[in-house]
Amino acid sequence: MADIQYTIFPIDGLGHYFEVELLISNPNPFGQKIQLPNWIPGSYMTRDFAKNILSMHAFRQDKNQVFKEPLHLLQTNSDTWEIEASDGPVLIKSKIYAFDNSVRTAFLDSERAFFNFSSLCFQVVDQTHKPIDCYLQNTPLTKAWEVITTLPSQKVDKRGFGLYYAPQYDALIDHPVSLGRFSKVAWQSFGIPHQIVFQGVVDPLNLTLLKEDLKAICDTHIAFFDPSHHTAPFTEYIFHVNVVGNGYGGLEHRSSTALICKRSDLPYTNQLAQANEIKAYQDFLGLCSHEYFHSWMVKKVQPLAFQPYRLNQRNFTKLLWLFEGFTSYYDDLQLFRSGRIDQKTYLQRILDTHHQVLKNPGRMHQSVAQSSFNAWTKYYLMDENTPNAVVSYYAKGSLIAFALDILIRDFSLQAKSLDDVMRMLWEEHGAYGDDVGVGLTENGLDKVLSKCLGSSFRSLWLAFKAAYIDGTQDIDVFQLMQSVGISLSVKKVSEAENIQQSLGIRTIAQDGFIKVTHVLEGYLGQLAGLCPNDLIIALNDEKVSSGNWTQLLTRHLSKKTTLTVFRSDLLKKVMLQLPSKTGLTDPKLQSYVLAND
């Protein structure tokens with residue numbers, strides 16, 4: 001029996017709460033502290049999971065060895081409690097609200113459940129290194145449900161309820177759990193069992209196609225990191241998928257991933273896919289590829305700043321451009337290499353990413369190193385000024401990987417590529433089994449590149465790094481593609497799209513008005529004095545609606561116009577000089593396509 005035991009009861013699907021028991025066999029005799037994490041690895045934002053605690057009580061054993069005698073719990077901050085000193089085992093009982101339908105926390109209703117242990121299970125301060133027993137209890141709510149998890153089982157029934165084991169707390173919180181009824185399919189990649197499980201599906205999925213595509217992707221990743229032996233840093237793998245009306249995202253774990261996607265992203269039986277549906281499905285496969293790649297990059301190869309994770313405080317690193325950005329480069333590249341998309345589609349996806357980066361003025365003010373370090377307060381806490389202040393370390397990081405790949409190929413006369421660097425990074429800093437690898441220092445990639453490519457590459461790398469990683473210089477993707485023989489042409493866009501680009505405002509329809517959500521730095525909208533949250537109601541005294549907004553702008557090209565807006569419930573007028581047809585397109589923001597389109 002482990003010193004630390006958790007028992008989880010999915011109790012109330014209508015009230016959305018779990019009951020969780022924590023048994024500490026050998027608490028600190030002078031008072032034991034427990035703490036609920038306030039963030040989850042892989043999602044760099046303080047989330048204060050303790051806010052969902054409905055109640056908690058501590059007990060010690062009475063003379064009959066029953067946990068009935070109350071112990072005082074002293075809350076010392078928002079996520080930490082100190083249990084009154086006890087000369088024997090203590091039991092903490094808590095109720096925790098769970099209604100966040102995302103990949104990061106916990107969810108429970110009458111149809112399904114999903115949770116990360118970091119949302120439900122207190123870590124026992126100074127005992128997080130100890131082995132853990134975890135009981136998942138079958139309750140009246142779960143009598144027809146199944147348990148899906150990669151947490152190692154010790155003694156479970158045919159539906160997966162029973163006793164599980166983790167060697168330490170960090171391992172426990174790296175195995176999410178899904179409960180309910182599933183649509184699922186399984187396969188093996190190089191002898192390793194894999195499966196994908198779906199909740200929230202209405203129509204029958206094309207599981208045959210999903211199996212074929214995901215097997216090809218997983219095979220490609222495993223062979224990429226270990227071309228000789230095809231081993232992987234896990235003995236099984238599960239894709240947990242929550243299917244919803246509108247949502248997209250994922251969170252990596254050591255032998256699984258939690259994903260959320262729209263129903264329209266998935267392939268269905270006996271349905272012919274339209275072009276937009278094919279694009280959405282490719283995006284879903286790209287998401288699967290991205291999170292799977294993280295099994296090597298992030299779950300094993302890690303920034304030294306994450307070793308160990310401090311779950312009660314922010315963990316800062318400037319390397320997310322590498323760990324997320326390079327993963328974003330390889331997620332699509334591996335789709336191409338596995339035959340899931342063709343070369344034309346792959347290259348166009350790079351061009352589209354480049355266009356998205358160029359659309360945000362924040363790229364001129366923030367480097368990807370800064371974006372990585374400040375992810376906690378900027379990237380993960382987006383507001384109306386985010387496009388002007390932040391660059392995506394995902395998107396620009398993927399373009400940096402693309403540019404570095406070409407630089408390495410040119411330098412080595414095509415003898416080496418970024419692939420060789422990634423495999424050396426794995427060999428130098430990765431690990432098999434349950435342990436993470438040797439942490440990568442903030443400048444650790446410098447040494448890996450020098451070892452892989454020789455010291456003569458160092459000056460090229462340092463200049464590249466200063467310009468694109470520590471600096472804010474744009475990656476010239478168009479020139480890079482043309483340098484390797486790819487012909488491009490300017491994408492034709494509608495006049496309406498050109499006008500919106502020139503205005504530099506982003507809008508949504510709200511309550512019959514056009515609401516300004518973002519105003520981009522240096523564009524006509526900002527120069528006119530428009531502000532985020534303005535409600536545009538008239539242009540030259542003519543009522544504006546979502547149906548006529550573009551038409552009105554087109555009609556008044558080259559003219560000075562008056563916009564009437566509500567700002568903080570007060571009526572305001574701003575003067576807007578619309579561009580001429582010849583002044584619409586900003587050359588820097590031109591979108592490109594492959595020349596044969």
Side-chain angles (χ1 to χ4, degrees), residues 1-25 66-67 89 91-96 98 103 105-122 130-169 171-188 192-201 207 234-243 253-258 434:
M1 184 176 72
D3 280 359
I4 309 296
Q5 295 180 56
Y6 299 96
T7 306
I8 297 175
F9 303 85
I11 292 294
D12 191 338
L14 300 179
H16 315 293
Y17 70 81
F18 290 88
E19 289 185 356
V20 181
E21 294 183 355
L22 164 58
L23 175 61
I24 308 172
S25 296
V66 177
F67 287 98
L91 179 70
I92 299 93
K93 294 185 176 183
S94 57
K95 287 185 178 181
I96 299 180
V103 299
T105 54
F107 179 87
L108 177 64
D109 68 6
S110 58
E111 300 295 327
R112 60 177 288 268
F114 171 83
F115 63 85
N116 292 284
F117 286 97
S118 50
S119 295
L120 301 181
C121 295
F122 294 92
K130 289 187 173 182
I132 292 168
D133 285 339
C134 181
Y135 294 87
L136 300 182
Q137 291 288 4
N138 194 10
T139 67
L141 176 63
T142 64
K143 60 184 178 181
W145 291 4
E146 179 184 357
V147 176
I148 300 290
T149 184
T150 54
L151 187 66
S153 61
Q154 295 286 87
K155 184 178 181 181
V156 299
D157 64 23
K158 62 181 180 181
R159 291 188 291 116
F161 290 94
L163 176 61
Y164 290 82
Y165 168 83
Q168 58 188 15
Y169 187 82
L172 177 74
I173 66 172
D174 223 0
H175 295 277
V177 178
S178 293
L179 301 96
R181 302 174 182 87
F182 302 92
S183 177
K184 57 186 177 179
V185 65
W187 68 94
Q188 290 202 351
I192 301 169
H194 288 63
Q195 65 173 324
I196 186 166
V197 300
F198 298 90
Q199 291 180 294
V201 172
L207 295 175
F234 43 76
T235 56
E236 63 172 321
Y237 196 91
I238 295 175
F239 296 88
H240 300 255
V241 187
N242 179 22
V243 186
H253 296 277
R254 63 181 62 189
S255 57
S256 62
T257 181
D434 293 330

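In this view, A258 and V103, F114 satisfy the side chain to side chain contact (heavy atoms under 4.5 Å, CB included) rule, not counting sequence neighbours. For Q137, the side chain to side chain contact (heavy atoms under 4.5 Å, CB included) criterion is met by T7, F9, Y135, not counting sequence neighbours.
Between V156 and V147, every side-chain heavy-atom pair lies at or beyond the 4.5 Å cut-off. Side-chain contact check for Y164 versus V177: every heavy-atom pair is 4.5 Å or farther apart. Using a 4.5 Å heavy-atom cutoff, the side chains of D133 and Y165 are in contact. F234 has its side chain within reach of H194: a pair of non-hydrogen atoms, C-beta onward, lies under 4.5 Å apart. Side-chain atoms of S183 and L207, non-hydrogen and from C-beta on, do get closer than 4.5 Å to each other.
Using bins of under 30°, 30° to 60° and over 60° for the plane-to-plane angle, the ring pair F117/F115 lands in the perpendicular bin.
Atom SG of C134 and atom CD1 of I8 lie 4.0 Å apart (nearest 0.5 Å). With rounding to the nearest 0.5 Å, the separation of CG in L91 from CD in E21 is 5.0 Å. Remark: I196 CD1 to F182 CZ distance equals 12.5 Å, nearest 0.5 Å. If you take OG on S178 and CD1 on I238, they are separated by 8.5 Å, rounding to the nearest 0.5 Å. Here Q154 contributes atom CD and L163 contributes atom CG; the two are 5.5 Å apart, rounded to the nearest 0.5 Å. Here OH of Y237 is found 4.5 Å from OG1 of T257. Values are rounded to the nearest 0.5 Å.
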| Are I24 and I4 close enough, and set up right, to give a side chain to side chain contact (heavy atoms under 4.5 Å, CB included), and what steps lead you there? | CA-CA 5 Å; I24 308 172; I4 309 296; 4.2 Å; yes
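Within the structure, every pair that satisfies the salt bridge (Lys or Arg N to Asp or Glu O under 4.0 Å) test and touches residues 136-154, not counting sequence neighbours, is listed here: E146-K184.
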